[in-house]
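A short write-up of the structure that comes next.
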Amino acid sequence: YELTLKDNKKAAEVLKASLEAYLKVIPEEAKEVTTTRLALSRNYSHLKDYDAAVKTLEDRLATIERIQSYSKKSREYSMYDYVTSLKELGKLYPSQKDYKKALAAATKILAVYSDLEALEDDTFNEALFLSGKSSLKTGKVKQSVTYLTDALAGLDKWERTSCLIDLAS
């Protein structure tokens, strides 16, 4: 989902205050905390405060990883949130020119993909593309060709064109 707000700055302030208040009365591991962090991060992104967006998502990811450590069932229930966080981070790290972290995020998505029945194919292709683009930016040309070839093979003509334009930029 994507928030369409008239005032992202005000929304970020309200979400941050909500998160702080929530943490005073509820354990951090509560799922709503991770949901609030996702919305807060997206608002920071709209404000082009990428450092705050990344920090918020990294905190969200750490909380989800703690939740996953409780049991196999906890891992299953939180996997969608885990992948969503990685996907968002994979989009944000390049804005900080941190292609190694972008590649690591994409690699984690690819590693858990086979465990997830409900993960959309476009998420898998996005992770392949991000892996390819990040590998290219970190000088791993051979590795990038493999990822990009696989990513482009799973896309239709228009999506391939869009990806190629993105690579050229």
Side-chain angles (χ1 to χ4, degrees), residues 1-20 23 28 33-68 78-113 116 119-120 122-152 155 159-169:
Y1 68 92
E2 187 66 37
L3 292 176
T4 306
L5 302 169
K6 294 179 182 173
D7 187 351
N8 284 301
K9 185 175 181 181
K10 182 67 177 169
E13 290 170 7
V14 169
L15 285 165
K16 186 175 180 188
S18 169
L19 177 64
E20 290 168 357
L23 288 174
E28 184 176 350
V33 172
T34 64
T35 303
T36 301
R37 285 183 177 147
L38 179 61
L40 181 57
S41 174
R42 288 178 174 169
N43 275 281
Y44 284 143
S45 292
H46 288 297
L47 294 168
K48 301 197 182 335
D49 187 351
Y50 300 118
D51 291 341
V54 166
K55 169 82 172 86
T56 303
L57 275 174
E58 287 174 340
D59 289 347
R60 179 181 198 251
L61 192 61
T63 299
I64 292 168
E65 287 170 342
R66 272 196 308 280
I67 292 169
Q68 289 180 336
S78 63
M79 191 54 71
Y80 177 80
D81 292 329
Y82 178 74
V83 171
T84 300
S85 294
L86 290 170
K87 197 171 158 181
E88 297 277 331
L89 282 167
K91 293 175 184 176
L92 287 169
Y93 284 137
S95 67
Q96 297 179 312
K97 306 289 187 231
D98 197 338
Y99 298 102
K100 287 183 180 179
K101 283 187 178 179
L103 178 58
T107 302
K108 286 179 181 179
I109 293 171
L110 295 174
V112 299
Y113 182 76
L116 303 173
L119 193 63
E120 302 90 5
D122 66 327
T123 298
F124 184 71
N125 282 330
E126 286 176 30
L128 284 171
F129 182 73
L130 179 62
S131 295
K133 187 173 181 178
S134 299
S135 295
L136 192 59
K137 295 283 188 177
T138 57
K140 299 175 183 173
V141 176
K142 250 185 182 176
Q143 184 180 5
S144 72
V145 169
T146 303
Y147 284 128
L148 292 171
T149 301
D150 291 346
L152 294 172
L155 302 174
E159 290 171 322
R160 280 194 303 271
T161 303
S162 175
C163 286
L164 291 171
I165 290 168
D166 185 27
L167 270 177
S169 61

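Below, each value reflects all heavy atoms present in this structure, side chains not excepted, and no hydrogens, waters or symmetry copies. Numbering starts at 1 and runs along the sequence shown.
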*asked:* Closer than 3.5 angstrom, by distance alone: can the side chain of Thr138 be matched with the main-chain N or O of Ser135 as a donor-acceptor pair?
replied: yes
For Val83 and Val112 the tightest heavy-atom approach is CG2-CG2, 3.9 Å
Correct closest heavy-atom pair for Ser85 and Ile64 would be OG-CD1, 3.7 Å
Checking Ile109, Thr84, Val54, Asp98 against Leu89 for side chain to side chain contact (heavy atoms under 4.5 Å, CB included), the one that qualifies is Val54
Output for pair (Thr35 OG1, Leu15 CG), nearest 0.5 Å, gives 11.0 Å
Hits for salt bridge (Lys or Arg N to Asp or Glu O under 4.0 Å) against Glu65, two or more places apart or cross-chain, chain-then-number order -> none
Check your understanding: Does Val141 offer a backbone N or O that forms a donor-acceptor pair with the side chain of Ser144 under 3.5 Å?
Key -> yes
Closest heavy-atom pair, Leu128 versus Tyr147, reported as atoms and distance to 0.1 Å, is O-CB, 3.4 Å
dist Lys133:NZ -> Leu148:CG (nearest 0.5 Å) comes out at 10.0 Å
Exercise. Is a donor on one side and an acceptor on the other found under 3.5 Å between the side chain of Arg60 and the backbone of Asp81?
Worked result: yes
Heavy-atom nearest pair, Ala102 first then Leu130, reads O-CD2, 3.7 Å
Nearest heavy-atom contact between Tyr99 and Lys137 is CG-CB, 3.4 Å
Practice prompt. Show the numbers, then the answer: is there a side-chain contact (heavy atoms from CB on, under 4.5 Å) between Leu57 and Leu61?
Written response: CA-CA 6 Å; Leu57 275 174; Leu61 192 61; over 6 Å; no
So CD of Gln143 and CG of Leu136: to nearest 0.5 Å the spacing works out to 10.5 Å
Quiz item: Just by distance, do the side chain of Ser41 and the backbone of Arg37 share a donor-acceptor pair under 3.5 Å?
Solution: no
Lys91 meets the salt bridge (Lys or Arg N to Asp or Glu O under 4.0 Å) criterion, sequence neighbours left out, with none
When rounded to the nearest 0.5 Å, the distance separating OG1 of Thr107 from CG of Leu103 is 4.0 Å
Do the side chains of Lys55 and Asp59 get close enough for a salt bridge, i.e. N-O under 4.0 angstrom? yes
dist Glu13:CD -> Asn43:CG (nearest 0.5 Å) comes out at 10.5 Å
d(Arg160 CZ, Phe129 CZ) to nearest 0.5 Å is 13.0 Å
Closest non-hydrogen atoms of Ala106 and Ser131, given as atom of the first, atom of the second and distance, are CB-OG, 3.1 Å
